[in-house]
Every structure is written in C-alpha cells, then in structure tokens.
Student: 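Before I ask anything, let me first share the structure, which is written out below as structure tokens.
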Amino acid sequence: MKNMNLKDKMVSVKTAGLCALLLAGQPAWSGTGKDEVIRHNSVSVMPGAPKVKYSKMIFGQFIEHFDNQVYGGLYDPESKFADEDGFRKDVIEALREIKTPIVRWPGGCFVSTYHWLDGVGKERTPVYDKTWQVEDPNTFGTDEYIKWCRKVGCEPYICTNAGTGTPEEMSDWVEYCNLTVGKYGRMRAANGHPEPYNVKYWSVGNENWGAHELGARTVQEWGPMVRESAKLMRSVTKDAKLFAAATSDKNWTMPLLREAGPYLDYIAIHGYWDPLFHVNNPAPFLKCMMKTDAPEQDIQRTIGILDEAGFGGGKIKIAYDEWNLRNWHHPWHGDLRRGFDLEARRKNDMASTYTMADALFSACFLNACLRHSDVVDIACFAPVVNTRGPIFVHPDGIVRRTTFYVFKMYTNGLEDYMLPVALEAGRLTQGSQSTAVFDVVLTGNADGTRYVYAVVNKDPEKSHALTLDFKSLGVKEPRKLKGTVLSGTSADDYNDIGKERVVPEERSFEVRDAAVVLPPHSLTLLRLEK
C-alpha cells in the first residue's frame, strides 16, 4: 500500500451509497495457478455507517411473450405437470423456492405492439406479434397472469404499451385491474373476477429509447408521453408505483425527468453485458469477470443523473427491471428487411452456456444493488423461464441453472440489513483489463446478533484467503465458520437435464488469523453469530 493516494483510489461513501470501497494498487495475478493461496485481501466494517434495510424486490424476475417463455414454459396445459389452469406446477414450486417477490410482464419488446384487450374475456383472438414475428394465441392474458402471480406468491408488475398504444389505453388497463366501477372494472367482473386485482406496479413503456423498439420515441417526445400517461394512470390509482423506460445516459433521462419526474416513483433501466443479439458466441469465464464492475458503474451514473435532476436521495428510485449477463439471441432483430431466423432462438436454451460465469456475474450484480439499496429498489432478472432464465423447462421436468442457485442462496440465506464494508483486494487481470478478485457484501439482522458475508471469488483457478472483520461486529473470532458454497469442478461447469453439477453445498471453513480460504470460481455465504 506504499505511495497510494487513498483519495484517488477509493470511491467516496457519498457517491457510492452503501458501496464496498475497492482499494486499487494491489499486486495483480491472472488466475493461472491451481493450488496457490494468496493472502492480502481483507474486508472491514465501516465505522459509524448506519445499516440499511434493503428491498427484497431486487430479487425479482421477468417474463415476456418471446419464444418458449410463456407458452411451453410457465404455461403448458398439455404438460403432465400442468395444474387445473394450465400452469406448470414444477415452475411455480421452483419460483417459491427462490421466494420470487415480483415478476414483470408481458414485455419487453413484445409489449410495444400488445393490446391488452385482446387477451381478456372468453373469446381470445390470435394476433400476429409484429415484434417477434410469430402468432400469439392470446390465451395467456391479464387474468391468467394475475392468477399465476397469486400462485407463485409474487407481486404483479405490468409494463404497458407506449409504442403503438396510447396513454388512455394504459390507464384503461389500470381500470381493468384496480376498479370495481366503470366500463373496464365491470368488464373484469363480467369476466369472472369480481374483486379488483389491486396491481400496484406499472411501467410506461419498454426501451422506447431504442431504434429496435416498434413505436420508439425521440428524446423530445418521450417526456411528454410519459407525463400524460402517468397523469391518466394516477387518475385511476393515486398510489400506483409508476416507472418509465430510461437509461443511464443523461441525454435521454434528464429531459424525461424534467417533464415527468414529479409523476414517477422509479426510472426503469435495462442491462445486458454480453451482447449476443446476432451471433451466439458467449464470452468465456474470465472475460465475463472483467464485466462484473460494469453494473455498479452504471448505477453510479444513474444516481448522478437523479441527483442532478433534483430527484436524488430516493425521491425517484432505480429499478433494473431487465437484467442479465447475456443478451437474448435473436438474429436480425431490428433489421426488418432481412427478417428473423426463428430457429436460432433455440440456441438460447443451450445448457452449456450457463456456467459459473453467469452465476458469479449475477451475484456481483446483486451485490451492487445491495450496496446501493438506498436507491436501487427493484430488479428483475430477464427472463425467469427458458431462453436465458434460471429455470429451463423440458417435458420431464425442469433444470435449475447455476443462476437459480444464486437467487436461492440470497433469498434464503442473507439477513435483512446491509452493513457497509471496505474491501482491500488484489486484482484479477486479463490483458489490459482488471477487476478485484473478490466482491463482498455484509448483511445483518435487526438486533445485531447474526451476520452473513456474501463473497464472490472471481478467480477461475485459485483459492484466495480473505481476512474478515470480527472485531467491529463484536463477534469473537471463531475457530471455524459454517458456510454455503456454490462452485463446481471447473469454472465452466453447468447444469443440464439429469446432470446437476453445480448445487450449493454446506461447508465448514477454518479461521486462521481472522482469515478464511475461499475456493476458486465460487459464491460463498459465511454465517456469524454472537
């Protein structure tokens, strides 16, 4: 640490919120040895910083009418696993297993040509989905989605059509879900659902900033569109939680906030860091690890925009309502003269894609949300079933991919409060790029008697020692710690039908000089008690 300028090397608490402070300047390594243990990594609890209760909504999910996510995924009346409503019971049970708090629907790009009235009532008319260029039967609509959410035990979050739709159509949808009077409230009752659904979460649009979106808007058009849509929607449900499609780009989001900020609760940001739109060539493990800092940088840029616009400090919060390491593969999307290669979408379901790289990137993303839990309130992994989801459905059951177990460990294993920590860590390098070898967050319970460290070791081959802070927590240094570990025999391990190679394991860790040695390519939850 000689000759280090800490002011230059540390991210300030004010800027980073509850961010781990990554101290640069440590010796670098490339992760080439197999058995070497390197000891110069430590984590310490930041003195005087308050603990913050984080939102469990950051563990949310997303589903879109794309390929086999809905039909043949969560909804399949012909399946031997289907319940009386046609929903896959094994999918519902798996979503309960990870305590899914919220699910966004029906899109995604799909929603920008979706008209919700086509998907309610006894008579459903199939329509041509201009976004994904297939026919949608409209069998799974609003009523089915709400019923499915109730069975899963999650909050519904509806994304509205701000592409080919209108502000009035959006507010009519809110009426259908939430009122007992008027044309649409009475319509829902006539459709067999007399009690209002009381849907709280509503988004105006999806990626309307992008040329790929049907019904894309200009910067000048978007703010007024959101403002007038929000006014109509709040006229129906005053306490609705309203979102609007945004980006971490100041040029798009500042004009949006100037026009519509007073009407919004969230700005909705999307993030995919391995772009595989046209060529399905997934990045290898180490390259994926070099991307693990990008989500936090994106969050920090977005916080800066909110602060500058006067909506900082949680006045408007951030929802990452679509995120994943790898973008969905759908060649030629947006190239309307060329058309789609529909068969190529099958490549999204290749089991070998979803390795420990996906699991550890996902853990790092969730850690970034936790560190900024005063502003980041909701996140939705995209999607939840099939394509690149944590659950893959096949005729004889489901596969829980590596990312599934990250959610299971976090929703079942973390405590309820975030405690800010400072991390001093060596660097993992690839060419000119580098990242801290560890990513760490610390959670605790309300009365300070239990703590859980969530630690990612990004090194594909080496174990590394991490010195923990027991003293600041008032915990006597133990001889051993119990933990839950998600790893594999290699960084490229994955789960497939009949072959679950990557599952959490309970382990005991020796503590020497306050340090534990953590295995390569792993996510570990370490439990401490007073």
Student: Is Lys231 paired with Glu228 through a side-chain N to carboxylate O contact shorter than 4.0 Å?
Tutor: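 Salt bridge present between Glu228 and Lys231.
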Student: Between Glu64 and Arg104, is the closest basic N to carboxylate O distance under 4.0 Å?
Tutor: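 No, this pair does not count.
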Student: How many angstroms lie between CZ in Arg346 and OG1 in Thr387, if you round to the nearest 0.5 Å?
Tutor: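 Reported value, rounded in 0.5 Å steps: 8.0 Å.
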Student: Does atom NZ (Lys347) have a neighbourhood of more than 12 heavy atoms from anything else shown, all under 6.0 Å?
Tutor: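 Atom NZ in Lys347 is not packed in, count stays at 12 or less.
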Student: Give a yes or no on whether a salt bridge exists between Arg501 and Asp496, defined as a side-chain N under 4.0 angstrom from a carboxylate O.
Tutor: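 Answer for the salt bridge query: no.
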Student: Checking ring-ring contact (aromatic ring centres under 6.0 Å, His included) against Phe361, which of Phe285, Tyr354, Trp273 comes through?
Tutor: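 Looking at Phe285, Tyr354, Trp273, the match for Phe361 under the ring-ring contact (aromatic ring centres under 6.0 Å, His included) is Trp273.
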Student: Could you verify whether a donor N or O on one side chain and an acceptor N or O on the other, from Thr100 and Gln61, lie under 3.5 Å apart?
Tutor: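 There is no such pair between these side chains.
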Student: Do His65 and Asp136 pair up side chain to side chain, a donor and an acceptor below 3.5 Å, judged on atom types alone?
Tutor: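 Looking only at side-chain atoms, Asp136 and His65 do form a donor-acceptor pair, the distance falling under 3.5 Å.
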Student: If you measure from the Lys or Arg side-chain nitrogens to the Asp or Glu carboxylate oxygens, is any gap between Lys51 and Glu415 under 4.0 Å?
Tutor: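 The answer is no: the pair does not qualify as a salt bridge.
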Student: With Asp377 as reference, evaluate Lys317, Lys56, Lys241 under the salt bridge (charged side-chain N to carboxylate O under 4.0 Å, His left out) test and give the passing residue.
Tutor: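 Among the candidates, only Lys317 passes.
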Student: Are side-chain N/O atoms of Asp439 and Asn367 paired as donor and acceptor at under 3.5 Å?
Tutor: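 Note: Asp439 and Asn367 side chains meet the donor-acceptor criterion.
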Student: Between the side chains of Thr253 and Trp209, is a donor N or O closer than 3.5 angstrom to an acceptor N or O?
Tutor: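 Distance-only check fails for Thr253 and Trp209.
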Student: Less than 4.5 Å apart, any side-chain heavy atom of Lys458 and any of Cys364?
Tutor: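 Yes, side chains in contact.
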Student: Cut-off 3.5 Å, side chains only: do Glu500 and Tyr405 have a donor facing an acceptor?
Tutor: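 Judged by distance alone, the side chains do pair up.
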Student: Would Arg227 count as a cation-pi partner of Tyr263, with NZ or CZ less than 6.0 Å from the six-membered ring centre and within 45° of the ring normal?
Tutor: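 No, cation not above the ring by the 6.0 Å, 45° rule.
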Student: Quick one: does Thr160's side chain get under 4.5 Å of Ser203's, heavy atoms only?
Tutor: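 They are not in side-chain contact.
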Student: Students often mix this up, so state it plainly: with edges at 30° and 60°, are the rings of His330 and Trp132 parallel, tilted or perpendicular?
Tutor: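 Rings of His330 and Trp132: tilted, as their planes differ by 30° to 60°.
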Student: Among side-chain atoms of Asp143 and Tyr176, is any donor-acceptor pair under 3.5 angstrom?
Tutor: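 Indeed, the side chains of Asp143 and Tyr176 share at least one donor-acceptor pair under 3.5 Å.
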Student: Using ring pair (Phe, Tyr, Trp, His ring centres under 6.0 Å), reason through Phe381 and Trp323 one step at a time and then give a plain yes or no.
Tutor: CA-CA 5 Å; Phe381 191 84; Trp323 72 272; 4.8 Å; yes
Student: With a 4.5 Å cut-off on side-chain heavy atoms, are Ile63 and Val103 touching?
Tutor: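 Result yes, sub-4.5 Å side-chain heavy-atom pair found.
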Student: Is it true that Asn206 and Asp321 share a donor-acceptor pair across their side chains at a distance under 3.5 Å?
Tutor: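 No, no side-chain donor-acceptor pair sits under 3.5 Å.
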Student: Is any NZ, NE, NH1 or NH2 atom of the basic residue among Arg388 and Asp358 found under 4.0 Å from an Asp or Glu carboxylate oxygen of the other?
Tutor: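 Salt bridge between Arg388 and Asp358, a charged N being under 4.0 Å from a carboxylate O: no.
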Student: Which of these, Asn457, Thr292, Asp459, sits in a side-chain contact (heavy atoms from CB on, under 4.5 Å) with Leu428?
Tutor: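 When Asn457, Thr292, Asp459 are each tested with Leu428, the side-chain contact (heavy atoms from CB on, under 4.5 Å) holds only for Asp459.
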Student: Could you measure the distance from the CZ atom of Arg234 to the OG atom of Ser171? Nearest 0.5 Å is fine.
Tutor: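 The OG atom of Ser171 is 13.5 Å from CZ of Arg234, to the nearest 0.5 Å.
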Student: Whether the Thr237 and Asn178 side chains hold a donor-acceptor pair (N or O, under 3.5 Å, no angle test) is what I'd like checked.
Tutor: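 Side chains of Thr237 and Asn178: pair found under 3.5 Å.
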Student: Below 30° counts as parallel, above 60° as perpendicular, anything between as tilted: where do the rings of Trp105 and Tyr114 land?
Tutor: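 Perpendicular.
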Student: Between atom CD of Gln430 and atom SG of Cys288, what is the distance when rounded to the nearest 0.5 Å?
Tutor: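 Gln430 atom CD to Cys288 atom SG measures 9.5 Å (nearest 0.5 Å).
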Student: So does Lys250 have more than 12 non-hydrogen atoms from other groups sitting under 6.0 Å from NZ?
Tutor: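 Counting neighbours around NZ of Lys250, 12 or fewer heavy atoms of other residues, nucleotides or ligands fall under 6.0 Å, so no.
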Student: With Val393, which of Ile398, Asn68, Leu74 fulfils side-chain contact (heavy atoms from CB on, under 4.5 Å)?
Tutor: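 Of all the options given, the one that passes is Ile398.
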Student: Measure from the ring center of Trp202 to the ring center of Phe243 and say whether it is less than 6.0 Å.
Tutor: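 Judged by ring-centre distance (under 6.0 Å), Trp202 and Phe243 do not meet the cut-off.
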Student: Are His464 and Asn41 close enough that a side-chain donor and a side-chain acceptor fall under 3.5 Å?
Tutor: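 Not at all, the side chains of His464 and Asn41 share no donor-acceptor pair under 3.5 Å.
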Student: Can a donor-acceptor pair be found between the side chains of Asp293 and Thr435 at a distance below 3.5 Å?
Tutor: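 The criterion, which ignores hydrogens and geometry beyond distance, is satisfied for Thr435 and Asp293.
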